[in-house]
Amino acid sequence: MTHIRTTGRPIPPAQSFPLAGEETPCWYAAPPAVGSHDPGEAERLLRSSQSAAGLEHFRAARVLLHDGRPHQVALWCVELRNRARNAAWATAFGALRSESLLHLGDLPAAEYEAAVARDNGGHRLAALGPWTTALLAESLIEQGRHEEAATRLGEPAANPDLSGLPPLRAHGRLLLALDRPDKALTAFTRVALLMRRHTSELLPHLPWRSDLAQALLRLGQRDEAHALLMEELASLAPGPRERGIALRVLSATEEPERRLPTLSRAATELRRSDERIELARVLDDFARTLDTLGEPSTAEVFRRRAAGLLAA
């Protein structure tokens, strides 16, 4: 197992943290311990319950998103937002809809929903404001609008709590997009420290190991990146989207002749999760690998498929 350290000290043992309340939503809204990861139960709850939407509905929608069903979640969040128990929960369902649209690669819609959630009170809610900001920034980063994303994010908090985790991760992703892997590594390490300090099995899965691995690869530290990715894939937490991302990044740690099977596995996971942008990246990696292996005509087929996904 890879151990993340800071200033030479090991990470403190896991701690508990306050759960979302019925009236005060937060971005992580930790699921209950029993049946918390059963997509069938989550879907049954959403279909059967007609009560004012709140914590249990949010938990259920998160379970479906983790299971690779962003299209369903985007649709459910429209209904749940309309019958939310209060304005705070309406904001939370709008933000979760933005997150599901990000997974689907519908960037303009994700940007719009994040902006609406933020402008409709999200910015005043300490447990939701940072999340809505991060979602807005993520949609801008994926569209290549880096200056706007930087303006939205500002400087990360010096000592963020769990509510500040999404913008800290978005800040790292922005730095990676700006080709500043050393700074991105610092941001992602802070994310890792926060995740490891808390009871991470109660949090939505964040692929911090894959984030770190991408920064490490840019810095030429392939062995350390490989170890982190194997740790990510060996855990039970990742859903199909996170497994697909980890496999795509893992392929970059392998020799060209071994990459294609790993990329094929990544594509299978990402197709299952309706993840368009990451699937396009996998297809582009297929093309580059085939070029390296001396198959330019086949590489061009994959390159066109990747472009078609991004244009859809």
Side-chain angles (χ1 to χ4, degrees), residues 2 39 64-71 73 99-107 110 138 141-142 169 172-173 176-177 181 184 188 191-192 204-219 221-293 295-296 298-312:
T2 302
L64 293 183
L65 187 60
H66 181 265
D67 192 52
R69 306 190 200 182
H71 184 72
V73 175
E99 187 171 322
S100 63
L101 291 166
L102 268 173
H103 287 205
L104 288 167
D106 191 344
L107 300 177
E138 291 272 10
I141 292 165
E142 291 290 4
R169 181 171 182 251
R173 288 172 58 78
L176 205 60
F188 291 147
V191 170
H205 182 71
L206 292 183
W208 59 265
R209 296 176 184 86
S210 296
D211 292 337
L212 278 172
Q214 291 183 73
L216 289 166
L217 278 168
R218 299 271 191 96
L219 295 167
Q221 299 180 45
R222 188 169 73 168
D223 290 345
E224 190 168 351
H226 186 275
L228 279 166
L229 293 162
M230 295 305 291
E231 183 181 328
E232 171 82 353
L233 291 165
S235 73
L236 298 177
R241 178 178 186 267
E242 289 74 29
R243 283 195 298 272
I245 291 171
L247 285 163
R248 180 183 70 80
V249 181
L250 179 67
S251 72
T253 72
E254 300 173 327
E255 296 302 320
E257 58 272 11
R258 296 185 58 189
R259 285 179 196 160
L260 295 181
T262 304
L263 288 169
S264 181
R265 290 169 60 202
T268 297
E269 295 286 0
L270 293 169
R271 286 192 181 98
R272 179 189 158 194
S273 62
D274 291 334
E275 170 56 76
R276 195 169 69 197
I277 293 175
E278 287 293 338
L279 179 57
R281 288 179 176 136
V282 168
L283 296 178
D284 195 55
D285 286 350
F286 260 111
R288 284 200 296 271
T289 302
L290 288 165
D291 276 334
T292 301
L293 296 173
E295 300 182 42
T298 310
E300 187 56 32
V301 172
F302 280 94
R303 200 167 281 115
R304 286 196 299 269
R305 289 178 183 172
L309 277 173
L310 295 177

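When a residue number appears, it is its place in the shown sequence, counting from 1.
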Over all heavy atoms of both residues, which pair between [X] and [Y] is shortest? Give the atoms and the distance, please.
| X | Y | answer |
| --- | --- | --- |
| Leu279 | Arg271 | CD2-CG, 3.7 Å |
| Gly68 | Pro240 | CA-CG, 3.8 Å |
| Asp274 | Pro70 | CB-CG, 4.0 Å |
| Asp291 | Pro296 | OD1-CA, 3.5 Å |
| Gly172 | Ala184 | O-CB, 3.5 Å |
| Ala266 | Val282 | CB-CG2, 4.0 Å |

Identified side chain to side chain contact (heavy atoms under 4.5 Å, CB included) partner of Leu270 from the options Arg281, Arg265, Glu278:
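The option that passes is Glu278.
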Name all pairs fulfilling the ring pair (Phe, Tyr, Trp, His ring centres under 6.0 Å) condition that reach into residues 254-274, sequence neighbours left out, sorted by first residue then second.
none
Tell me, which pairs form a ring pair (Phe, Tyr, Trp, His ring centres under 6.0 Å) where one or both residues lie in residues 254-292, sequence neighbours left out?
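Only Phe286-Phe302 qualify under ring pair (Phe, Tyr, Trp, His ring centres under 6.0 Å).
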Straight-line distance of [X] [atom1] to [Y] [atom2], nearest 0.5 Å:
| X | Y | atom1 | atom2 | result |
| --- | --- | --- | --- | --- |
| Arg69 | Ser100 | CZ | OG | 14.0 Å |
| Leu233 | Ser210 | CG | OG | 7.0 Å |
| Leu216 | Leu229 | CG | CG | 9.0 Å |
| Arg303 | Asp284 | CZ | CG | 6.5 Å |
| Arg173 | Arg169 | CZ | CZ | 5.0 Å |
| Asp223 | Leu228 | CG | CG | 11.5 Å |

Would you sort out whether Arg248 and Glu232 count as a salt bridge (charged side-chain N to carboxylate O under 4.0 Å, His left out), showing the intermediate values?
CA-CA 12 Å; Arg248 180 183 70 80; Glu232 171 82 353; over 6 Å; no
Exam field: side chain Arg218 to backbone Leu176, donor-acceptor pair closer than 3.5 Å:
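Pair found, side chain donor or acceptor close to backbone of Leu176.
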Is there a donor-acceptor pair under 3.5 Å between the side chain of Glu275 and the backbone N or O of Ile277?
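Yes: the side chain of Glu275 pairs with the backbone of Ile277.
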Take Leu290 and Val301, measure what side chain to side chain contact (heavy atoms under 4.5 Å, CB included) needs, and give me the verdict at the end.
CA-CA 10 Å; Leu290 288 165; Val301 172; over 6 Å; no
Might you work through the side chain to side chain contact (heavy atoms under 4.5 Å, CB included) test for Leu250 and Met230, ending with a clear yes or no?
CA-CA 8 Å; Leu250 179 67; Met230 295 305 291; 4.1 Å; yes
Any side-chain heavy-atom pair from Leu212 and Val191 closer than 4.5 angstrom?
no
Should Leu107 and Leu102 be marked as a side chain to side chain contact (heavy atoms under 4.5 Å, CB included) after you check the CA-CA gap, both sets of side-chain angles, and the distance that decides it?
CA-CA 6 Å; Leu107 300 177; Leu102 268 173; 3.8 Å; yes
Using 4.0 Å as the upper bound for N to carboxylate O, is an ion pair formed by Asp285 and Arg288?
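The answer is yes: the pair qualifies as a salt bridge.
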